[in-house]
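Computed from a prediction, not measured in an experiment: that's the story for all the values here. A note on names: the letters A, B, ... follow the listed sequences, proteins ahead of strands, and every chain is numbered from 1.
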Amino acid sequence: MANGNGKGFVLWFTGLSGSGKSTLSKMVEERLLERGVPVEVLDGDEVRTNLSKGLGFSKEDRDTNIRRIGYVANLLARNGVCAITAAISPYQEIRDEVRGRVEQRATFVETYLDCPMEKLLERDVKGLYKKALAGEIPHFTGVSDPYEPPAKPEVVVYTGGEPPEQSCARIVKTLEMLELVPPVPGDDYGADEEAAVAARLRDLGYLG
Amino acid sequence: MALLSKLFSRPTKPRAVLIGLDGVPYTLLETLIAKGVTPNLGRLAAAGASHFQQMDATLPEISSVSWSSFMTGTNPARHGIYGFMDLKPGTYQMYFPSYPHLKAEPLWDTLGKRGKRSVVLNLPGTYPARPHEGVLVSGFVAIDLKKAVHPPSILPYLEKMGYRIDVDTSKAADADFLYRDLDETLAARERAFDHFWTSENWDLFVAIITGTDRLQHFQWHAVADASHPNHERAMAYYAKADAVVGRLLDRLGGDDLCLLMSDHGFCGIETEVLVNRHLVSGGFLKWEKDPPDSFADIHPEARAFALDPSRIYLHRRGRYPKGRVEEREVPALREELKAFFLGLEYQGRRFIKEVFFPEQIYEGPEFDKAPDLVLLTSDGFDLKGNPKKAEPFARTHFTGMHNRHDAFLLSNRPLPDKRPHIEDVHGLLLGWIG
Ligand SMILES: Nc1ncnc2c1ncn2[C@@H]1O[C@H](COP(=O)(O)OP(=O)(O)OP(=O)(O)O)[C@@H](O)[C@H]1O
Ligand SMILES: [Mg+2]
């Protein structure tokens, strides 16, 4: 049994550069580790410096990159690990291909990080959008290269309009509902309900 | 003739009924029966000690822990519920353990796997409701009826008939209000018992009356003192609860097992004991801000603190953000605390009867969440985990408190020949239904 339920799965993030894949993969990783779930993160940036070293950004090279990430993620999931992938992965076809392979033995949780372009431009964490708009980067997803949003993702988080904690909580909640991670104490009541519970206990002389 | 009756009689199946009277003490029930207040319970108890016994509850002796032990047949280190509240791991933040945190399998899940149906009504510690084979209406601390029922299809019925989860305890200090509310809540409760008794084809029927506990929290003085102006009203409530029980008993089939029980005993309060305040005086506990707003105001030098009602936790490094108690210090510190508590006095009398280490009372996979010490008091000394009160002893409008040793178990069939513990009830029911 690798985690509480012994089920490995792939948590596949997809979204434009700056939509929050790296940020959320690290946050979700922490939340899952707290619950005793074994996790590995495959971040696009990191993968491109080793597993996919030498690949460029043509459609063909991008597909190869994603297939490699999918291959490793699948191996991990089959062995009871939660593999979180954080690559733009712009093409539905390749994501579906990976899904098909993963779902033979494990669960595939496609997670769409939906963030409006104006937010991304405003953030421009790596300064890449500025360059892309200036025509300095030929194949830049969302500017000079296509991005296909998932048709049927398991989760969507709106990373342009909510703090990362909220996006993270939504993703973890989904994993709980899919019974892929064990719930932790304390997050079963909403804040209002928790206050009501506390009031009832005080009525009977507890808590103080 | 023998053949005919075999052909025409319905195949009987062993069914079991469990009626809970929350918080009703064995010794009080003896008195109520002797005085003829509760004739239906008296009818069963007349069979003698083999049918009516004093029972031990859990430690701590509170409803959420006790009922969890009832429903799983296990101790807190197996079912994981040690109190009404706890601190989230690695924090000083409070949370309220409930049904989702129950780590052992409740009886109805076990029965469900064997194709048996259970109706479970008003059982504390089952909120939010989750599906099992049968029906569930969660009890205390259920807030929203929508989340307190399974299957969802029973919600419209309950809403329409005016079902009440509990009395309004926020107004219960007003005795007139309380007695009226108790009656109305009991009436609604009985309508629900009635409805599901006939509408469901059950193997196990669990029906809990919690008004008894509420009455006793607020009106123990009236229960215990026959000359108190509210005494008759209190007795009238027990009589009504007994009548509800009687109407269920009348419907039992010849092959049915019926058990009645409480989840802890009750007694009068002589004084509340503010455990954290005593820990401060004893030099074990220190706050960064005194009185504290919450446990988050604990000082790094604090070595121990108490959670409701009787649980002592060492402020360990690694377990709490500011904790500094090292593993090697634990054995000596436990002994020091034990001696400290056993020596506490109120008006020249010692009142801590026993101090338990967890390995003496708990066993199982949730053991690492157990408190480091658990206190047991003499009757009359009501332990409180409230960290804010400045005085070590106090009185409030509450007049009744729980105890461990005075719960009861009553049966329409002979009970095993040993003093029962609340964890045993599960096995009796499961054994009967099979
Ligand atoms: N709800 C949110 N979820 C995630 N990130 C958010 C959110 N709101 C704001 N942010 C911010 O957006 C930025 C996202 O950057 P991040 O490096 O995680 O993106 P990325 O998707 O990994 O980009 P790239 O594909 O270029 O690696 C961070 O600065 C983060 O703090
Ligand atoms: Mg990134």
CD (E46(A)) with more than 12 external heavy atoms under 6.0 Å: no
Proximal component of L307(B), with respect to chain A [non-hydrogen, under 4.5 Å]: neither
Crowding at CZ, F177(B) (>12 non-hydrogen neighbours, <6.0 Å): yes
Which atoms of A199(A) approach chain B - backbone, side chain, both or neither, heavy atom under 4.5 Å: neither
Pairwise side-chain contact, F140(B) with L201(A), heavy-atom cut-off 4.5 Å (strictly under): yes
Heavy-atom proximity to chain A below 4.5 Å, by part of Y127(B): both
Under 4.5 Å from a heavy atom of chain A, the part of D168(B) involved: neither
Distance-minimising heavy-atom pair for L204(A) and R214(B): CD2-CD, 3.9 Å
Per-residue contacts, residues 387-404 of chain B versus chain A, heavy atoms under 4.5 Å: P387(B), F398(B), H402(B)
For E194(A) against M94(B), the heavy-atom pair lying closest together: OE2-O, 4.2 Å
Side-chain touch K171(B)/D203(A), heavy atoms, less than 4.5 angstrom: no
Beyond-backbone contact of I143(B) with R200(A), side-chain heavy atoms, under 4.5 angstrom: yes
Part of A142(B) lying under 4.5 Å from any heavy atom of chain A: backbone
